[in-house]
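Along the sequence shown, the residues carry numbers beginning at 1. Side chains are part of it too, since the values below use all heavy atoms of this structure and drop only hydrogens, waters and symmetry mates.
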Amino acid sequence: MRIENLYVVIMAGGIGSRFWPYSRNAKPKQFIDVLGVGKTLLQMTYDRFKNLASEDNIYVVSNQQYGNIIKDQIEGISDHQVLLEPTRRNTAPCIAYAAYKIRKKDPNAVIVVSPADHAIFGETEYLNCISKAVQSTVESDKLITLGIQPTRPETGYGYIQFFESDEQVKKVKTFTEKPQLDLAKTFLASGDFVWNAGIFIWSVESIINAFEAHLSEVAELFAEGSDHYFTDSESDFIKTAYSHSKNISIDYGIMEKAENVYVVLGDFGWSDLGSWNSLYDIKDKDQDENVVTGNNALFYGSKNNLVHSNPKKVVLVQDLDGYLIADFDDVLVICKKDEEAKFREFVADVKQKKGDNYL
């Protein structure tokens, strides 16, 4: 069921360095059929939200180099729905750009902000969670995020502690973005914290008020674009605005500071697909907990491995436990699967020593 005044902002600008070399600069993971279902992650996200919002109200924000890919993958999307960033400035400027542009069109808008590269397996429950949050934002001034029960001490996510209540929309007590490992382990052991799924719901008025209160310099930059949004001068204005904007996430800039932050708990089969390890988690495994894409590997005394290769190539793996073997035309990676933080180091080293062609 579509919701009146609902707008969706899909963030599709990341390069997915923890998923290299599957995710490349020229074609990051959101533009790839990672799950092998015949649709890219972006297409799946877009199609999911068509159940709630008019297609005219679904916007995609990404880096300017991906504009043509987005238009190729989403049939019929208009130029004004594709918001192209001239440089990467993290999620706060990206969300500010979309919010101020949408406000010009509809001051009564409610906005759902979602990354393009998440996997959702319980779609009905997911859309129900979104609908509950949307209704709550209509009724009061709230910044809402979706919370997921954590399964491991992940350092790449935000953690939310909330006040216990019978309400479906719960007041957030603390919001901690990307803690160190020891703190993440403490959060997990306590049982009092959920992951921030990075999916936000708020009215356009509430999020702009939050920018004005907590990121006033960003607010001022994008407020000045009112005369330019939906015109031929929008692109030039955005180039100037981004050149002056700070690089900061919405989590650090607003969610950790605001008093009106709430969470809706969700159990809908979620993965952010942020790394090889997250792909391993959701894939079917053999009797030794090995995962193979292409189904053309033989294992000898090996367990807990992920093998990604050309299905025409036979891969033999002996005496490995917990490894990733990712074989591409120009890059072969063999490394410990769980040490996903290492991938940023790998990517930096390849860039420095071997050049950009492999990225």
Side-chain angles (χ1 to χ4, degrees), residues 14-44 73 116-122 148 150-157 181 269-359:
I15 56 175
S17 60
R18 290 186 297 157
F19 220 149
W20 177 83
Y22 202 168
S23 184
R24 304 288 184 103
N25 286 343
K27 198 172 188 180
K29 59 180 177 172
Q30 60 267 28
F31 306 121
I32 300 171
D33 179 12
V34 172
L35 299 179
V37 295
K39 291 183 179 180
T40 69
L41 295 175
L42 172 63
Q43 289 170 327
M44 292 175 70
Q73 293 197 358
D117 52 2
H118 289 187
I120 305 292
F121 299 101
I148 307 294
T151 57
R152 61 183 184 274
E154 172 65 53
T155 59
Y157 302 158
L181 181 59
W270 171 88
S271 172
D272 79 330
L273 287 178
S275 65
W276 285 104
N277 209 33
S278 58
L279 180 63
Y280 173 85
D281 286 342
I282 65 173
K283 285 288 190 179
D284 293 334
K285 300 166 182 65
D286 68 12
Q287 68 274 14
D288 295 313
E289 298 296 306
N290 294 305
V291 170
V292 181
T293 64
N295 198 29
N296 214 5
L298 298 174
F299 295 96
Y300 302 87
S302 298
K303 60 184 180 180
N304 304 314
N305 300 297
L306 170 58
V307 176
H308 178 92
S309 68
N310 187 322
K312 296 180 181 179
K313 182 182 295 186
V314 175
V315 180
L316 284 79
V317 183
Q318 181 184 16
D319 295 338
L320 291 184
D321 182 356
Y323 273 75
L324 164 69
I325 301 171
D327 186 18
F328 294 83
D329 289 342
D330 57 346
V331 178
L332 170 63
V333 176
I334 304 171
C335 64
K336 291 182 178 178
K337 173 173 56 64
D338 293 345
E339 295 185 8
E340 54 194 50
K342 278 277 189 182
F343 272 81
R344 290 193 174 92
E345 180 182 337
F346 296 159
V347 169
D349 286 347
V350 169
K351 181 175 183 177
Q352 179 185 359
K353 298 174 182 178
K354 302 298 179 181
D356 290 341
N357 289 340
Y358 297 99
L359 305 181

Closest contact, heavy atoms only, [X] versus [Y]:
X	Y	value
Leu181	Pro153	CD1-O, 3.6 Å
Lys303	Asn305	O-ND2, 3.0 Å
Pro311	Asn296	O-ND2, 2.7 Å
Pro21	Val333	CD-CG2, 3.7 Å
Thr40	Gln43	N-OE1, 2.9 Å
Ser23	Ile15	OG-O, 2.8 Å

Quiz item: Can you name the one residue among Phe19, Tyr22, Tyr280 that meets ring-ring contact (aromatic ring centres under 6.0 Å, His included) with His308?
Solution: Tyr22
Quiz item: Looking at side-chain heavy atoms only, is the closest gap between Tyr157 and Ile148 below 4.5 Å?
Solution: no
Quiz item: Under 4.5 Å between any side-chain heavy atoms of Ser278 and Asp272, yes or no?
Solution: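 The answer is yes; the side chains approach within 4.5 Å.
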Exercise. Report the C-alpha separation of Asp288 and Phe299 in whole Å, then their side-chain angles, then the decisive distance to 0.1 Å, and conclude whether the side chain to side chain contact (heavy atoms under 4.5 Å, CB included) test is met.
Key: CA-CA 9 Å; Asp288 295 313; Phe299 295 96; 5.7 Å; no
Rounded to the nearest 0.5 Å, what separates atom [atom1] in [X] from atom [atom2] in [Y]?
X	Y	atom1	atom2	value
Asp281	Thr151	CG	OG1	6.5 Å
Asn277	Asp338	CG	CG	4.5 Å
Asn304	Tyr323	CG	OH	12.5 Å

Would you mind writing out the side-chain donor-acceptor pairs for residues 27-38 within the sub-3.5 Å range, not counting sequence neighbours?
from  : atom 1 : to     : atom 2 : distance (Å)
Lys29 : NZ     : Asp117 : OD2    : 3.1
Lys29 : NZ     : Leu273 : O      : 2.7
Gln30 : NE2    : Ala12  : O      : 2.8
Gln30 : NE2    : Gly14  : O      : 2.9
Asp33 : OD1    : Gly36  : N      : 2.9
Asp33 : OD1    : Val37  : N      : 2.9
Asp33 : OD2    : Val37  : N      : 3.3
Asp33 : OD2    : Gly38  : N      : 2.8

Show the atom names and distances, to 0.1 Å, of all donor-acceptor pairs under 3.5 Å that link a side chain in residues 341-359 to residues at least two apart or in another chain.
none

Quiz item: Which of these passes side chain to side chain contact (heavy atoms under 4.5 Å, CB included) with Tyr300: Val317, Leu316, Asp319?
Solution: Leu316
Quiz item: Should Trp270 and His118 be marked as a side chain to side chain contact (heavy atoms under 4.5 Å, CB included) after you check the CA-CA gap, both sets of side-chain angles, and the distance that decides it?
Solution: CA-CA 7 Å; Trp270 171 88; His118 289 187; 3.1 Å; yes
Quiz item: Is it true that Arg24 and Asp330 have a side-chain N and a carboxylate O under 4.0 angstrom from each other?
Solution: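 A salt bridge is present here (some side-chain N lies under 4.0 Å from a carboxylate O).
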